[in-house]
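So the structure is just underneath, and the comments pick up after that.
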Amino acid sequence: MLDPQLLKRNIDQLAEKLRARGYTLDTDYYQSLERQRKSLQSEIESLQEQRNRISRQIGEAKAEGRDIQPILDSVDDLGGQLKDRKTGLGDIQRKLSALLSEIPNVADESVPVGRDEQDNVEVRRWGVPRRFDFPVQDHVALGEGLNQMDYETASKLAGSRFVVMTCGLARLHRALAQFMLDFHVREHGYVEVNVPLLVNQQTLFGTGQLPKFEEDQFRTADSPAYYLIPTAEVPLTNLVADRILDADTLPLRFVAHTPCFRREAGSYGKDTRGMIRQHQFEKVEMVHIVRPDQSWLALDQMTSHAESILQALELPYRVITLCTGDMGFAAAKTFDLEVWIPSQNQYREISSCSNVESFQARRMKARWRNPATGKPEPVHTLNGSGVAVGRALVAVMENYQNTDGSISVPEALAPWMGGLDRITQAA
RNA sequence: GGAGAGAUGGCCGAGCGGCUGAAGGCGCUCCCCUGCUAAGGGAGUAUACGUUAAUCGCGUAUCGAGGGUUCGAAUCCCUCUCUCUCCGCCA
């Protein structure tokens, strides 16, 4: 949710900025709604003032034992009028909030203007992609060759975009997740959190997945419905919903390892092979809740925290800044980490770190008490993957593959591998 | 799944149709006293919106959510959600 002041004061400038994100703000519609809202609301308030005054008089008259009938007669049809106006106002407000809740965040000044992923800007690279002196296999071939990755059985159990892993690969997958989680807790001071994987509608509204991205979510048939979380960002960020935080409790840094569930509607043809894009995947997620003046610093820190995972795993990657057209709904600025995938001969997204500023905080009423003003103000929230576990597995498998189809285990994972340092068919 | 109890401000907790935005306490802020890692006295201390250049002030709303009764609802009625207790079931 944008700061309402932006809409009230500089709507044309705002519309201009939103256009860079591919969103067209209907300023005439908004302003006409806002005018109607204002006039109805002040009408209602003055009717209520009348009603309150008269009711107070009745109360006093009764207390003094006077006859209240003359006052009652003067009430007229206040109630009816009020009801009528309130119905009208309700309609307007529903339209207004429907409009407001679908407006994306405004991109930060530093975000490159662009249309799609073509216009993203590379910031830096780390590591040098390994040269293979044998034909590389992709993770699907490797996994199936090892007999530890089974897409056929998964599709029988569930459908497309699922996988069954066994033995060493299943263990490697688990080791990756535990390594990341422990690393962020130990090295970066995050608070480990275990969260609900099913959340309610309001929680998804708070982080911005609803109402606009309903079709991307898995939803149960219960009433009210539960939604499967598309990312732990949702429950982690909403930990502070409806709260007024003391200044000295900030910053908060949360990390969680959870499965994530996505319908992947609208990406039917994309990445249909393998583990890159699944309906269910695991991710270690970082969330920062910070004072507004700290959020840009926090974005750099969070990005470096994600990078440190790839560095520890010695996986080559690059950092890019998403352009205005490629950013998510809630983000003011996003750095993507892309890891080298040898079989595709390119870098692929493995983490996305965003400063959301006050956009989510406003939706979920997450505030802090600013000592300078003494007033509650929206906090800033950030989220980032630290990192996607499934894609990390893909990256490790492909980058650490050997000529015989076995996979060496990165040293950093040793503590979680129970002595297994090479995944082979026999494993 | 069955039976019962409850949901009030940063927290605890009264109120159960009318000057109640809400007693009292705790916490916090400021002042005084005291002169020392303590205690006492006084004042203040919700949020949103509107009005305003802004503050003060004024108006409106908010006592889990939504609806209803009434001139008037934190208080009465209905629906829902959540929490707690007991029973059942269960990882």
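Lettering of chains follows the sequences in order, A, B, ..., and the numbering in each one begins at 1. Just so you know, these numbers use all the heavy atoms, side chains as well, and skip hydrogens, waters and symmetry mates.
Across the protein-nucleic acid pair, A:Q50 atom CD and B:A61 atom P stand 13 Å apart, rounded to whole Å. Here the C1' atom of nucleotide B:G50 and the CD atom of A:E43 are 14 Å apart, to the nearest Å. With rounding to whole Å, A:Q48 atom CD is found 13 Å from B:G59 atom P. Residue A:W368 contributes atom CH2, which lies 18 Å from atom C1' of B:U47 at whole-angstrom precision. What separates CZ of A:R243 from P of B:G64 is a distance of 20 Å, to the nearest Å. When the P atom of B:U62 is taken as reference, atom CD of A:Q93 falls 13 Å away, rounded to whole Å. One interatomic measurement links the two molecules: CG of A:L47 to C1' of B:C71, which rounds to 14 Å at whole-angstrom precision. Between A:E60 atom CD and B:G18 atom C1' the separation is 10 Å, expressed in whole Å.
For the P atoms, the distance from B:U69 to B:U75 is 15 Å, rounded to whole Å. B:G66 and B:C58 are spaced 28 Å apart, taking the P atom of each and rounding to whole Å. For B:G13 and B:A73, the P atoms lie 27 Å apart once the distance is rounded to whole Å. Rounded to a whole angstrom, the distance from the C1' atom of B:A65 to that of B:C87 is 29 Å. Taking atom P on both nucleotides, B:U62 is separated from B:G72 by 13 Å, rounded to a whole Å. For B:G2 and B:U8, the C1' atoms lie 30 Å apart once the distance is rounded to whole Å. Rounded to whole Å, the C1' atom of B:C26 lies 13 Å from the corresponding atom of B:G9. With C1' as the reference atom, B:G18 and B:C86 are 40 Å apart, rounded to whole Å.
Searching all strands for a Watson-Crick or G-U wobble partner of B:U45 with both distances below 3.5 Å returns B:G27. Remark: B:U75 base-pairs with no nucleotide; criterion is Watson-Crick or G-U wobble with both hydrogen-bond distances under 3.5 Å. B:U52 is unpaired under the Watson-Crick or G-U wobble criterion, no partner having all donor-acceptor distances under 3.5 Å. Remark: B:G40 base-pairs with B:C32; criterion is Watson-Crick or G-U wobble with both hydrogen-bond distances under 3.5 Å. In this structure, B:C16 forms no base pair with any nucleotide, since neither Watson-Crick nor G-U wobble geometry is met with both distances under 3.5 Å. Across the strands present, B:U70 finds no partner; the criterion is a Watson-Crick or G-U wobble pair with both atom distances under 3.5 angstrom. Across all strands shown, B:A7 forms a Watson-Crick or G-U wobble pair with B:U81, both key distances being under 3.5 Å. Figure legend. B:A22 is base-paired to no nucleotide; pairs are counted as Watson-Crick or G-U wobble with both atom distances under 3.5 Å.
Of the N and O atoms on the side chains of A:S354 and A:T334, at least one donor lies less than 3.5 Å from an acceptor on the other residue. In summary, the side chains of A:E314 and A:Y400 do not present any donor paired with an acceptor at a separation below 3.5 Å, with no hydrogens or angles considered.
Comparing A:E45 and A:P376 by the nucleotide of RNA chain B that holds the closest heavy atom to each, the one mapping nearer the 5' end is A:P376.
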Audit row: A:R219, A:E214, salt bridge (Lys or Arg N to Asp or Glu O under 4.0 Å) steps and yes/no: CA-CA 9 Å; A:R219 186 185 55 210; A:E214 173 86 38; 2.5 Å; yes
Step-by-step side-chain hydrogen bond (donor to acceptor under 3.5 Å, both in side chains) determination, A:R253 to A:Q301: CA-CA 11 Å; A:R253 289 179 175 168; A:Q301 290 172 337; 2.8 Å; yes
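At B:A61, one or more side-chain N or O atoms of A:N52 fall inside 4.0 Å of OP1 or OP2 (strictly under the cut-off). Residue A:R367 has no polar side-chain atom (N or O) positioned under 4.0 Å from OP1 or OP2 of B:G10.
Here A:Q57 lies out of heavy-atom contact (under 4.0 Å) with every strand. In this structure, A:K365 reaches neither bases nor backbone, as no heavy-atom distance under 4.0 Å exists between it and the strands shown. Looking at heavy-atom distances under 4.0 Å, A:R53 makes no contact with the nucleic acid at all. Residue contacts for A:K62: at a heavy-atom cut-off of 4.0 Å it reaches a base atom on one of the strands shown.
Of the candidate nucleotides B:U47, B:C82, B:C49, B:C49 has the atom lying nearest to any side-chain atom of A:K8. Considering only the side chain of A:K83, B:G68 comes nearest among B:U47, B:G68, B:G50. Of all nucleotides listed (B:C71, B:U60, B:C49), B:U60 comes nearest to the side chain of A:R56. The nucleotide whose nearest atom lies closest to any side-chain atom of A:S55 is, among B:U47, B:C49, B:G72, B:G72. Set against B:G50, B:C82, B:G18, the side chain of A:K38 has B:G50 as its closest nucleotide. Among the nucleotides B:A61, B:U69, B:G18, the one closest to the side chain of A:R51 is B:A61.
A donor-acceptor pair is defined here as one N or O able to donate and one able to accept, closer than 3.5 Å; such a pair exists between the side chain of A:E398 and the backbone of A:H139. With hydrogens and angles disregarded, a donor-acceptor distance shorter than 3.5 Å links the side chain of A:R21 to the backbone of A:G328.
Side-chain contact between A:M1 and A:Q360: absent, with no pair of heavy atoms (C-beta onward) separated by less than 4.5 Å.
A distance below 6.0 Å separates the ring centres of A:Y190 and A:H288.
Between the side chain of A:E49 and the base of B:G59 there is no donor-acceptor pair of N/O atoms closer than 3.5 Å.
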